[in-house]
Each structure stands twice: as structure tokens, then as C-alpha cells.
There are 2 protein chains.
Amino acid sequence: MTGRRDGDRLLTTREVARLFRVDPKTVGNWVTAGRLESIRTPGGHRRYRESLVHALLRGETG
Amino acid sequence: MTGRRDGDRLLTTREVARLFRVDPKTVGNWVTAGRLESIRTPGGHRRYRESLVHALLRGETG
DNA sequence: GCTGAGTGGGGTAATTAGGGGA
DNA sequence: GTTGTCCTAATTACCCCACTCA
């Protein structure tokens with residue numbers, strides 16, 4: 001389904017951490033290690049695409 | 001209601017191993033053998049759907 | 001200004017993945 | 001063929017701190 005909107009919701013670090021059963025620190029570590037895509041707010045906080053996170057949770061690494 | 005279709009919790013390898021009363025290594029072997037579904041964290045660790053594990057615990061192989 | 005959350009650093013312990021052999 | 005133990009390397013968890021952002 002390529003007709004999916006790219007403008008899906010954005011998840012915070014805490015939400016992603018809860019989804020993956022990991023520590024929020026670990027999620028930030030994934031970004032630092034270049035293993036996870038993230039969007040930065042102008043303030044420096046990270047946001048993650050819900051579709052990307054869901055794809056990871058479904059076992060689709062991309 | 002956003003519809004949490006896949007919104008079940010994730011279990012760690014240790015939790016699954018304790019549930020099945022086996023070694024965590026054995027749980028990993030199940031994944032390697034293609035007999036158990038698993039989700040990988042960007043770091044390579046495995047996570048398992050609680051609903052799937054519970055179904056297996058109840059004797060429902062599929 | 002205040003609260004809650006996020007970031008970044010450091011440090012240490014616990015858990016995990018993977019290979020090999022029993 | 002499945003499981004459990006040994007080993008090393010990597011990942012993760014949790015503690016502290018201070019500062020910034022929402």
C-alpha cells in the first residue's frame with residue numbers, strides 16, 4: 001500500500017521506549033548509533049514516525 | 001479508539017524462558033529454527049508478543 | 001516561574017546474542 | 001533433534017548529575 005500518508009503521528013522517546021520494552025536512554029542510543037531514524041524538534045527533542053516504529057514492531061526492518 | 005490491533009505488550013527472552021521453564025538459549029533456538037516469531041530491537045535483542053506466547057502456553061500452535 | 005519530560009554525560013551491573021561442544 | 005552449559009562481545013538497565021525544552 002504505497003498510498004499511505006507519510007504524515008503519520010509522531011511518537012516521543014518515552015512512547016517508543018515503552019513500545020519496545022526498553023529504557024528511554026536506549027532509544028536515544030539507537031539514534032546516536034544510527035540504527036533508528038528520528039525527527040528533531042527545533043528544540044532538540046526527538047520524535048519518531050509511528051509508521052516506522054510500527055514497522056519495526058512487526059518485524060519489518062525496512 | 002485508535003484501534004490497538006497489534007497493541008499487546010512485548011516480552012523479553014528471559015520472561016519467555018521463565019514462562020516455558022527453559023533456558024533463554026532455548027528460546028533463541030526456537031527463533032533460529034523458525035518455530036517462534038520474534039521482534040528484534042535495533043540493537044539486536046529479541047522481543048516476543050505476549051499474546052503469541054500466551055497462545056503457545058495454552059497449547060495453540062497456530 | 002513552575003512542573004514534567006527529554007537530552008547528554010559518566011559509570012557499573014545485568015542481560016542477551018552467538019558460536020562451539022557436550 | 002532438542003536442550004543446557006561454557007565462553008566472549010555487544011546491548012541494555014539503572015544510578016548519579018545538570019541543563020534545556022514543552
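FYI, side chains are in, hydrogens and waters are out, and symmetry mates aren't considered; it's all heavy atoms of this structure. In the text below, chain A, chain B and the rest are named by the order of the sequence lines, each starting its count at 1.
Distance, A/Leu10 CG to C/dG6 C1': 15 Å, rounded to whole Å. For the pair A/Phe20 CZ and C/dT15 P, the interatomic distance rounds to 22 Å; values are reported in whole Å.
By the salt bridge (charged side-chain N to carboxylate O under 4.0 Å, His left out) test, A/Glu37 pairs with no residue at all, sequence neighbours left out. Residues passing the ring pair (Phe, Tyr, Trp, His ring centres under 6.0 Å) test with B/Tyr48: none are found, sequence neighbours excluded.
Checking side-chain atoms of B/Thr32 against main-chain N and O of B/Gly28 turns up a donor-acceptor pair under 3.5 Å. B/Asp8 places a side-chain N or O within 3.5 Å of a backbone atom of B/Ser51 that can act as its donor or acceptor partner.
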Inset, instruction - Please test A/Val22 against A/Val16 for side chain to side chain contact (heavy atoms under 4.5 Å, CB included), starting from the C-alpha separation and ending with a verdict. - result: CA-CA 8 Å; A/Val22 297; A/Val16 175; over 6 Å; no
Inset, instruction - Please report the C-alpha distance between B/Arg46 and B/Ile39 in whole Å, then the side-chain angles of each, then the deciding distance to 0.1 Å, and finally whether the side chain to side chain contact (heavy atoms under 4.5 Å, CB included) criterion is met. - result: CA-CA 6 Å; B/Arg46 298 193 182 100; B/Ile39 296 164; over 6 Å; no
Legend entry - side chain to side chain contact (heavy atoms under 4.5 Å, CB included) assessment of A/Thr26 paired with B/Thr41: CA-CA 10 Å; A/Thr26 301; B/Thr41 68; over 6 Å; no
Legend entry - From CA spacing to verdict: side chain to side chain contact (heavy atoms under 4.5 Å, CB included), A/Arg47, A/Thr12: CA-CA 5 Å; A/Arg47 296 283 119 92; A/Thr12 63; 3.7 Å; yes
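For A/Arg14, no side-chain nitrogen or oxygen approaches OP1 or OP2 of C/dG4 to under 4.0 Å. Applying the 4.0 Å criterion to OP1 and OP2 of C/dT15, one finds that B/Thr13 has every side-chain N and O outside that range.
Pairs engaging residues 16-26 of chain A under the salt bridge (charged side-chain N to carboxylate O under 4.0 Å, His left out) rule: A/Arg21-B/Glu15 [sequence neighbours left out].
For the contact set between residues 22-34 of chain A and DNA chain D, defined by any heavy atom under 4.0 Å, the members are A/Val22, A/Asp23, A/Thr26, A/Trp30. Residues of residues 36-47 of chain A having a heavy atom closer than 4.0 Å to DNA chain D, listed by number: A/Thr41, A/Gly43, A/His45.
Residue B/Leu52 is grouped with residue B/Phe20 when hydrophobic side chains (ILVMFWY) are merged at heavy-atom distances under 4.5 angstrom, including chains of intermediate members.
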Legend entry - Paired and unpaired positions of DNA chain C as dot-bracket, Watson-Crick or G-U wobble under 3.5 Å, | denoting a partner strand: ..|||||||||||||||||..|
